[in-house]
Amino acid sequence: MENEEKKQISIDLKPEIAKGNYSNLAIISHSHSEFIIDFAEMLPGLPKPEVVSRIVMNPEHAKRLLNAIADNIGKYESQFGPISLGTEPKGTFNLADFANGTKS
């Protein structure tokens, strides 16, 4: 394993992106060639969730993201304890229902 070099990636983080977006709702859909993740903000008093960011990635990268999140959650829980999900949400919905105005 000594021959394996760790690859480092230098990224550019623009200030307008660095501030981030708050999201408490993610809607995930997929086709044969892409996964689409809409991050939305659902707040009391607002009639419907607002999508604050959309990420589109190929299936391989979506699976890599899944593995990276699982690894990070494991590390987080090792340090801070289990993450409680509380009560499960009642029912599910499709973001398209909100876009078409059928739910509020």
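In what follows, every heavy atom counts, from backbone to side chain, and hydrogens, waters and symmetry copies are set aside.
- When side chains are defined from C-beta on, Phe39 counts as touching Ile55, because their heavy atoms get closer than 4.5 Å.
- Linking Ile, Leu, Val, Met, Phe, Trp and Tyr residues whenever their side-chain heavy atoms come within less than 4.5 Å places Ile69 and Phe80 in a single cluster.
- To the nearest 0.5 angstrom, Asn24 atom CG is 7.0 Å from Glu41 atom CD.
- Between the CG atom in Asp12 and the CD1 atom in Ile17 there is a gap of 10.5 Å [rounded to 0.5 Å].
- Looking at heavy atoms from C-beta onward, Ile9 lies in side-chain contact with Ile11 at the 4.5 angstrom threshold.
- The hydrophobic cluster containing Leu25 does not contain Val56, counting ILVMFWY residues as joined when their side-chain heavy atoms lie under 4.5 angstrom apart, directly or transitively.
- With Asn72 contributing its side chain and Ala68 its backbone, the two residues share a donor-acceptor pair below 3.5 Å.
- Panel note: side chain Glu77, backbone Ile83; a donor-acceptor pair is recorded below 3.5 Å.
- In plain terms, the two heavy atoms of Val52 and Tyr22 that are nearest each other are CG2-O, 3.6 Å.
- The structure places CG of Leu66 at 7.5 Å from NZ of Lys63, a figure rounded to the nearest 0.5 Å.
- Atom CD of Glu16 is surrounded by more than 12 heavy atoms from other residues, nucleotides or ligands within 6.0 Å.
- Annotation: side chain of Ser31 is in contact with side chain of Glu34 (closest heavy-atom distance under 4.5 Å).
- In this structure, Lys19 NZ and Leu13 CG are separated by 12.5 Å, a value rounded to the nearest 0.5 Å.
- Summarising the geometry, atom CG belonging to Leu65 is positioned 10.5 Å from atom CZ belonging to Phe35; distances are rounded to the nearest 0.5 Å.
- Side chain of Asp38 to main chain of Arg54: no donor-acceptor pair is present (N/O by atom type, distance under 3.5 Å, no hydrogens or angles).
- At distances below 3.5 Å, at least one donor-acceptor pair connects side-chain atoms of Ser23 with backbone N or O atoms of Ala40.
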